[in-house]
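Worksheet: one structure, shown below.
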Amino acid sequence: MKSFLTTISLFIFFIGKAQTSISDEKSTEIDYYIENIMSEQKIPGLALAITYNGKVLKKETYGLSSIEYQVPVTDSSTFWLASVSKHFTATAIMQLFEKGILDIDDDIHKHLPDAPDYWKGVTIKHLMTHTSGLPATSNASAWRDRSAKGTYSAEQIYKNAKKDTLVFNPGEDFLYSDEGIYLLGYIIHKVSGMSFNDYMDKMIFNPSSMQSAYMMDHYKIHPNQVAGYSIKNGEIIPDRNSYRLIDTELNAAGGIYATIDDMINWEYAMTNNLLLKQSSKDLMWSSYELNNGNPSHYGFCWNTQVIQNNRIIYHPGVAGTEYLRFVDDKVSIIILTNQAKYERAISQRIAEIINVSPNISEKDIKTGTVISSVPEEKDIEMFVGKFEFLPNENFYSEDNFIVDIVLNKKELWIEYPTKNNYRERFKLAKLENGRWIQLSWYPAFIEMSFEIAHNNDEITFKVYEDYDNGYDIHVGELKKVN
């Protein structure tokens, strides 16, 4: 699967923790990891860019753009970005904000006067942060009555979206809603006097030298467009995501196609303030505060968190894409693939290889207070062993898997079943509420904890994901198998 391109690599040098170049040894380690993970997770093709301060440290392509025609991925291959596109839409909103055409705190009725009364109080900021109260993507009306015949117009999307009432008051909670981002695109269309696609071409792609980028259009031939794939019953199949099948005039939530070079140019443009002022970017990269004062860990179309005073922003895409930026270290990792179902953790592992990922300790935990890292004998007896994780409907995957909890130097560690040399291991620490928490970080903020649950004579552990916004979510059970 090795690329036909030459890897860009330099000698390693540090300014604080910032990675300003990559050694041949680290570059080879990254290649080895990617080739293995592509094989394990059946990813046909991948493009990678690592940048420092907007400049390329490593660029590489791997595998196939098309399995059917055995076409390799190259610099010219255009990948569907899917939800990585969202922050481009937010950037467009911030451009209009800087020009005084709109305010991010405007009620959306100011720009959409025929919006329903039950949307009163929803602001542009609420749409960008998924805190509007509009329904989750899967329940939204905006995509009703779509057909593969013809183009689903911006007016049809807006008309259908207006049928949806709010599921909570604006700012009260976080609920990921593509419908809200579509409304942002419709507002951009209304206030700019241009179609959303024309605005993106003229004000986003052209100024940032994204020469190959375009908005999804099923009625045009696009040379070098990468074929999309998914997994069913363990086998690679063509991706049948509805976005790939139904043409949509207004695709603000996930419609961009771009090459890896386009993304490098975008990173350079944003780093050097070619499209936005630094103050606007800082707003985009800050967590929105919910009405109850808790952080949402989501900014303007970016997952956001601060670890050890360093800002980390991230967004994945359903097509198989990742964009991870260590803001204060000035390092970005961009992953474009054509496999929709792989586990979105490649950028995280690369960050570990190049030594920019944070080392989480007890003091970094945000969702509880650690009281001990040293287990008692009763804890060792209950925890040490092999466990099967049984996910419930709240977990992102339906698959069961095996984990090990081991005792290492008088500390409990949990080990996950990744293969080869990349088995994930995290230390466990005890919280004052009696749970044990995993000392780990993820590009999108999440902390995992384990609570002892007695089920007849059997001891199991309830597994929780906590997003630090006032509540946690039960995602499954750990059941001891030996």
Side-chain angles (χ1 to χ4, degrees), residues 41 136 173-176 294-297 303 305 307 314 316 341-345 348-349 358 360-362 364-376 378-408 411-419 422-482:
Q41 300 205 26
D173 205 348
F174 175 93
L175 184 62
Y176 194 78
N294 289 321
S296 67
H297 291 288
N303 292 282
Q305 58 181 311
I307 302 177
Y314 171 77
K341 294 294 186 181
Y342 85 90
E343 183 182 349
R344 304 296 192 273
Q348 179 183 2
R349 175 57 192 155
I360 301 300
S361 68
E362 290 84 349
D364 296 312
I365 296 301
K366 294 182 171 65
T367 59
T369 301
V370 174
I371 59 173
S372 176
S373 296
V374 180
E376 299 176 9
K378 63 177 182 178
D379 299 319
I380 295 172
E381 184 178 346
M382 284 189 296
F383 273 93
V384 173
K386 190 177 295 290
F387 293 81
E388 183 178 13
F389 176 63
L390 308 172
N392 62 25
E393 68 279 2
N394 296 322
F395 196 64
Y396 76 93
S397 171
E398 298 177 353
D399 297 333
N400 297 7
F401 55 83
I402 299 296
V403 302
D404 293 299
I405 298 180
V406 301
L407 188 67
N408 181 18
E411 296 173 337
L412 290 172
W413 288 70
I414 187 167
E415 299 184 344
Y416 289 92
T418 51
K419 299 177 183 178
Y422 299 102
R423 187 171 176 81
E424 291 184 307
R425 299 175 175 88
F426 302 113
K427 181 179 171 183
L428 298 177
K430 193 171 186 177
L431 298 174
E432 62 181 356
N433 65 5
R435 291 186 190 175
W436 286 76
I437 197 161
Q438 180 176 292
L439 302 185
S440 60
W441 79 281
Y442 295 95
F445 178 85
I446 181 175
E447 292 183 348
M448 297 195 71
S449 61
F450 309 91
E451 180 179 77
I452 300 170
H454 294 273
N455 184 12
N456 297 323
D457 294 331
E458 189 177 56
I459 295 176
T460 61
F461 297 94
K462 290 185 177 181
V463 182
Y464 293 88
E465 292 181 347
D466 199 321
Y467 300 92
D468 195 26
N469 55 9
Y471 57 86
D472 54 26
I473 298 174
H474 177 219
V475 297
E477 314 284 333
L478 283 179
K479 181 179 179 181
K480 206 166 193 178
V481 295
N482 76 340

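Side chains are part of it too, since the values below use all heavy atoms of this structure and drop only hydrogens, waters and symmetry mates.
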| Set of ring pair (Phe, Tyr, Trp, His ring centres under 6.0 Å) partners for Phe461, sequence neighbours left out | Phe383, Phe387
| query | Should we say atom NZ of Lys480 is surrounded by more than 12 heavy atoms from elsewhere, each under 6.0 Å from it? | reply | yes
| field | Salt-bridge contact Glu388-Lys479 (side-chain N to carboxylate O under 4.0 Å) | value | no
| Under the ring pair (Phe, Tyr, Trp, His ring centres under 6.0 Å) test, residues paired with Phe426 that sit two or more places apart | none
| message | If the threshold is 4.0 Å, N to carboxylate O, is there a salt bridge linking Glu424 and Arg349? | response | no
| Between Lys366 and Asp468, is there a salt bridge with N-O shorter than 4.0 Å? | no
| request: Provide the closest heavy-atom pair for Glu411 versus Pro375 in the form atom of the first, atom of the second, distance. | output: CA-CD, 4.2 Å
| task | To the nearest 0.5 angstrom, please state how far the CH2 atom of Trp441 sits from the CD1 atom of Ile307. | result | 6.5 Å
| query | Can you list the residues that meet the salt bridge (Lys or Arg N to Asp or Glu O under 4.0 Å) rule with Arg344, with sequence neighbours excluded? | reply | none
| field | Residue pairs, two or more places apart or on separate chains, that pass salt bridge (charged side-chain N to carboxylate O under 4.0 Å, His left out) and touch residues 433-444 | value | Arg435-Glu451, Arg435-Asp472
| Working for side chain to side chain contact (heavy atoms under 4.5 Å, CB included), residues Gln438 and Ser449 | CA-CA 6 Å; Gln438 180 176 292; Ser449 61; over 6 Å; no
| request: Enter the distance from Ser372:OG to Trp436:CH2 here, rounded to the nearest 0.5 Å. | output: 5.5 Å
| query | With Tyr176, which residues qualify under side-chain hydrogen bond (donor to acceptor under 3.5 Å, both in side chains), at least two apart? | reply | Ser83, Lys86
| query | Who passes ring pair (Phe, Tyr, Trp, His ring centres under 6.0 Å) against Phe395, sequence neighbours left out? | reply | Phe389
